[in-house]
Protein chains: 2
Amino acid sequence: MNVMTEIDRQRRPGPRIEEVARLAGVSKSTVSRVINDERYVSDKARDAVHTAITHLRYSPNQAARSLAGSKANAIALIVSEQSGRVLGDPFFAGVLRGVHAELTGRQIQLLLLLSHPEDHDDLLAYLASGHVDGALLVSLHGDDPLPRRLQEIGLPVVVGGRPLGSGSVPFVDSDNFTGGLDAVRHLVSLGRTRIATVAGPRDMAAGLDRLSGWRRGLGEARLPADLVAEADFTPESGARAMTELLDRAPDVDAVFVAADIIALGVLQVLHARGKRVPEDVAVVGFDDSLLASTATPPLTTVRQDVEQLGRTMTWRLLGELAGEDGLPPSLLLPTSLVRRASA
Amino acid sequence: MNVMTEIDRQRRPGPRIEEVARLAGVSKSTVSRVINDERYVSDKARDAVHTAITHLRYSPNQAARSLAGSKANAIALIVSEQSGRVLGDPFFAGVLRGVHAELTGRQIQLLLLLSHPEDHDDLLAYLASGHVDGALLVSLHGDDPLPRRLQEIGLPVVVGGRPLGSGSVPFVDSDNFTGGLDAVRHLVSLGRTRIATVAGPRDMAAGLDRLSGWRRGLGEARLPADLVAEADFTPESGARAMTELLDRAPDVDAVFVAADIIALGVLQVLHARGKRVPEDVAVVGFDDSLLASTATPPLTTVRQDVEQLGRTMTWRLLGELAGEDGLPPSLLLPTSLVRRASA
DNA sequence: TCGTGCCATGAACGCGCTCTCACGGCCCTA
DNA sequence: TAGGGCCGTGAGAGCGCGTTCATGGCACGA
């Protein structure tokens, strides 16, 4: 009957593990062992398999590996954000680069998931059914329950940027406190005495920690820590904040700004008000993004290595997946002051 | 014998299609039909399955679907670049956002693949074995053979940005020619007569097409098209190019710059040389990135909608995957002039 | 009344791999 | 020489689905 069975539904091209085995003169099992770099394979067999693989340009089918091995061979990078704005953020780009760098060479896919908070349930259902082996989370706001809920479904998680919530989720962050502290110390060393800050949003640890560093620095120098204005990560809000500071304290002679992009607005207002930078008002930013070096004047800023942040997050997650122990629950990465013209 | 078989190796949690079927009182087949939205399912069965799915928080295993259905339910976004620099690029970020936006709601994963040209063989082997159903390519340089080779292995491809090579790969691009033309027309309407350009690299169509637009604009106005300098996408190279232009033609009164980020360097040099913008030299950029609005002075620029570019690429690819016909081989997206202070 | 379609459904096979299990060869010790 | 362990290997089950194929119910016309 089944005369026409030959034309079965289209299958993906490329060799199968079976053919590699045949060419190498071993069994599928041995090929699988070689691929997964397991013990108990003779050098001879290993070489034969490798040769066959390169010869046939064989690449194992991930879907089948995942299904049989009951692991996904993939991790998720989850961006928890209302708008898709984060994607344009150099911070995110750096993290992404770092994650990717750490992943190359291993056979692990990166799934990029954007999650609007109202879709968290869908996201959890998706992640709960084993599509990824672990998750990286960035750009958390306030006390987002997502990391905790991911932990509850048993998925290893590493958060980028200290989360504000209670609980104890492993995270990797830049040392924002010390960064802020160093910025102020630098301004103090310049002889400045009326040192203000434009702080970041209060619902993110980065903002709070940099603010704390600023406070600490002023405390060290026995200077008043009264000049605080707040901004989100836009030049416009930075302009508003600086305007407010100038109105409150016309004698301000330095500002520590929680992000380069905010500092852009600060510089605009300073320029408009006839204040020279750094002669009248010294400005220190944070991030050392591209914006810092191209601003007028080029911005002295606290450099954080976001690519390293991405790498470290990934390293920490993969370590946990590999069952390593002795992993640090959380990590703080050093920052450094980059001196340019503005302070 | 197999007394202890109960403790089988750890499986991912969550219900299986089997349990959904049982709860809904139907067979696995029917559940599968409902999930894949096929015909020949009674309303009653369909409702029962949907109820069971939400009740159990069922989410089908992608690996199993891919394996059984012999399609990956995933597409790749391939970034072909030496360094990982592209990731920080707002252009890339915008495309990524667009791709993602177009993908949400469908059950299609996005795999992000960075490919260094020397790894193209690995990449091809990987893609050839059915890990994705199609590929999106961005940031091609020169006559990269990658898109052709992908087509040869039968993988549907859409390129972002017109590729330079011969052959006919479907692509989506901004209308760079018209963008450049409009920029020059604007400068001409301002009464400028010595209109230079800082062109982009010659190994990318975006650079060439914008340059052609500039040439055309000058031809229309019967002005000489002799002032061309070249730069890559950095402020530094822009500064070098502008310096060269000023040396060659001190009377230059306008510059069309092929990218905002290049224009940053141009502005710096102009400022350093004591040229007022726009009074002495009018400047028009390209992209309308964040840099444009925060530059001093804010940059008049040609806006291209990169998010739309990403969306369109994805739409085109998914259309091909769905077997639709009448799809346009390639598409050009309109640009628009954004007037700010610099011209 | 009996066919003839079409619709709705379920049983069972197989996607390509990993993993368990069994087995045979080897070296060491008794 | 016999026994025991370790190394290297292959056979085969099964991961969770999609997909065919067979079957049975129903409305319709003859």
Side-chain angles (χ1 to χ4, degrees), chain A residues 1-22 24-49 53 56 58-73 107 129-131, chain B residues 1-22 24-49 53 56 58-73 107 129-131:
Chain A
M1 295 301 155
N2 290 327
V3 185
M4 294 296 286
T5 305
E6 293 308 307
I7 44 141
D8 44 8
R9 96 191 107 111
Q10 184 165 356
R11 291 216 321 256
R12 286 291 174 180
R16 303 283 173 267
I17 198 174
E18 186 81 50
E19 304 174 40
V20 176
R22 208 180 311 137
V26 298
S27 70
K28 293 191 320 178
S29 309
T30 298
V31 177
S32 177
R33 286 190 189 95
V34 172
I35 290 171
N36 295 291
D37 210 30
E38 287 174 17
R39 302 186 314 170
Y40 303 148
V41 180
S42 65
D43 290 349
K44 190 176 150 232
R46 196 177 297 273
D47 288 348
V49 170
I53 285 177
L56 293 172
Y58 170 73
S59 167
N61 181 313
Q62 285 301 332
R65 296 187 78 183
S66 302
L67 187 56
S70 63
K71 60 181 175 177
N73 305 308
Q107 288 274 28
S129 30
H131 295 119
Chain B
M1 295 300 157
N2 290 324
V3 186
M4 294 296 285
T5 305
E6 293 307 309
I7 43 142
D8 44 8
R9 97 190 105 112
Q10 183 165 353
R11 292 214 321 256
R12 286 290 175 179
R16 304 283 173 268
I17 199 174
E18 185 80 51
E19 305 173 40
V20 176
R22 209 181 311 136
V26 297
S27 71
K28 294 192 317 180
S29 308
T30 299
V31 176
S32 177
R33 287 188 188 99
V34 172
I35 290 171
N36 295 291
D37 211 29
E38 288 173 17
R39 303 185 313 168
Y40 303 147
V41 180
S42 64
D43 291 349
K44 191 176 150 228
R46 196 176 296 273
D47 288 348
V49 170
I53 285 176
L56 293 172
Y58 170 73
S59 166
N61 181 313
Q62 285 302 332
R65 298 188 76 183
S66 301
L67 188 57
S70 64
K71 58 179 177 178
N73 305 309
Q107 288 275 29
S129 31
H131 295 120

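The analysis underlying the following values was restricted to heavy atoms, covering all of them including side chains, and did not include hydrogens, waters or symmetry mates. Order of the sequence lines fixes the chain letters, A, B, ..., with proteins taken first and strands second; residue numbering starts at 1 for each chain. From a predicted model like this one, the values you see are computed outputs, not experimental measurements.
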Query raised in the report: Mapping Pro60(A) and Ser42(B) onto DNA chain C by nearest heavy atom, which one lands closer to the 5' end?
Result: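 Its nucleotide being nearer the 5' end, the pick is Ser42(B).
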
Report task. Among dG18(D), dT18(C), dT9(C), find the nucleotide with the atom closest to the side chain of Ala68(B). Result ->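 For the Ala68(B) side chain, the nearest candidate turns out to be dG18(D).
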
Query raised in the report: Quick one: which of dC17(D), dT9(C), dT18(C) gets closest to the side chain of Ala45(B)?
Result: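 Nearest nucleotide to the side chain: dT9(C).
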
Measure from [atom1] on [X] to [atom2] on [N] and round the result to the nearest Å.
X	N	atom1	atom2	value
Ile17(A)	dG14(C)	CD1	P	19 Å
Ile35(B)	dG16(D)	CD1	P	14 Å
Leu67(B)	dC17(C)	CG	P	9 Å
Glu19(A)	dC17(C)	CD	C1'	14 Å
Lys28(B)	dG10(C)	NZ	C1'	10 Å
Asn61(B)	dG14(D)	CG	C1'	14 Å
His131(B)	dG16(C)	NE2	C1'	10 Å
Lys71(A)	dG16(C)	NZ	P	20 Å

Quick one: pull up [atom1] in [X] and [atom2] in [Y] and give me the separation to the nearest 0.5 Å.
X	Y	atom1	atom2	value
Arg65(B)	Lys71(B)	CZ	NZ	7.0 Å
Ser27(B)	Glu18(B)	OG	CD	9.5 Å
Thr30(A)	Glu38(A)	OG1	CD	10.0 Å
Ser66(A)	Gln62(A)	OG	CD	5.5 Å

Query raised in the report: Do the side chain of His131(A) and the main chain of Ala63(B) share a donor and acceptor less than 3.5 angstrom apart?
Result: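 No, His131(A) side chain to Ala63(B) backbone: no donor-acceptor pair under 3.5 Å.
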
Query raised in the report: Where the side chain of Arg16(A) meets the backbone of Gly14(A), is there a donor-acceptor pair that is under 3.5 Å apart?
Result: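 At least one qualifying donor-acceptor pair exists.
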
Give [X] one of three labels, base, sugar-phosphate or nothing, depending on what nucleic acid heavy atoms sit under 4.0 Å from its own.
X	value
Ala63(A)	nothing
Ser32(B)	base
Arg39(A)	nothing
Glu38(A)	sugar-phosphate

**Report entry** Under-3.5 Å donor-acceptor pair between Ser29(A) side chain and dA11(D) base
**Finding:**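 Under the 3.5 Å cut-off, the side chain and the base do form a donor-acceptor pair.
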
Query raised in the report: Does the base of dG8(D) carry an N or O that pairs as donor and acceptor with the side chain of Arg46(A) under 3.5 Å?
Result: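 By the distance-only test, no, there is no pair.
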
When you measure from the side-chain N and O atoms of [X] to the phosphate of [N], is any distance below 4.0 Å, counting only OP1 and OP2?
X	N	result
Asn36(A)	dT18(C)	yes
Tyr40(B)	dG24(D)	no
Ser66(B)	dC15(C)	no

Report task. Assign each of Tyr58(B) and Arg33(B) to its nearest nucleotide of DNA chain D by heavy atoms, then name whichever residue's nucleotide is nearer the 5' end. Result ->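 First, find each residue's nearest nucleotide; the 5'-ward one identifies Tyr58(B).
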
